[in-house]
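Every heavy atom of this structure was used, including side-chain atoms; hydrogens, water molecules and symmetry mates were not. Just so it is clear, the model here is predicted, and its values are computed rather than measured.
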Amino acid sequence: MWVAENVARQAETRVAQRLLGHATIGTTETYLGKPRIDDLQVAVRDVTYGLGLRTDVLGVPEKSEIPREATTGIEPV
């Protein structure tokens, strides 16, 4: 189990499957433990959660206004 977990932490699960010689992804997943909290933090570090963080065609972030209060759902759009 230790080898599979370490390989999967360094590469994607499909890559780990090939490196470990497993015929199916299910076999690889059998040997993987639960993700650690630091793995989860890394996975969501760059997620914007729909905050309107958009970029232009060059990848430069555009400024956007984030509402200070939650809408009630009945305001005109």
Side-chain angles (χ1 to χ4, degrees):
M1 179 176 3
W2 183 83
V3 173
E5 282 188 36
N6 284 330
V7 170
R9 288 192 200 295
Q10 299 300 317
E12 295 180 11
T13 307
R14 290 276 179 195
V15 173
Q17 173 194 354
R18 296 292 181 188
L19 289 172
L20 296 168
H22 296 156
T24 65
I25 196 72
T27 303
T28 307
E29 289 174 341
T30 300
Y31 294 101
L32 301 180
K34 293 181 181 178
R36 299 178 305 196
I37 190 70
D38 55 323
D39 295 329
L40 298 173
Q41 288 172 334
V42 168
V44 298
R45 179 179 47 216
D46 297 325
V47 176
T48 61
Y49 298 105
L51 292 177
L53 302 176
R54 299 175 55 171
T55 59
D56 62 14
V57 294
L58 299 175
V60 177
E62 296 177 349
K63 288 193 171 195
S64 63
E65 293 294 324
I66 299 175
R68 295 251 183 227
E69 297 178 7
T71 60
T72 61
I74 57 174
E75 290 87 5
V77 179

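With rounding to the nearest 0.5 angstrom, the CG atom of L32 is 8.0 Å from the CD1 atom of I25.
Residue pairs meeting the salt bridge (charged side-chain N to carboxylate O under 4.0 Å, His left out) criterion with at least one member in residues 12-25: none, sequence neighbours excluded. Screening residues 20-39 for salt bridge (charged side-chain N to carboxylate O under 4.0 Å, His left out) gives R9-D39, R36-D38, R36-D39 as the qualifying pairs, with residues at least two apart or on separate chains.
Side-chain contact between V44 and L40: absent, with no pair of heavy atoms (C-beta onward) separated by less than 4.5 Å.
Residues Y31 and E5 come closest through the heavy atom pair O-CG, 3.9 Å.
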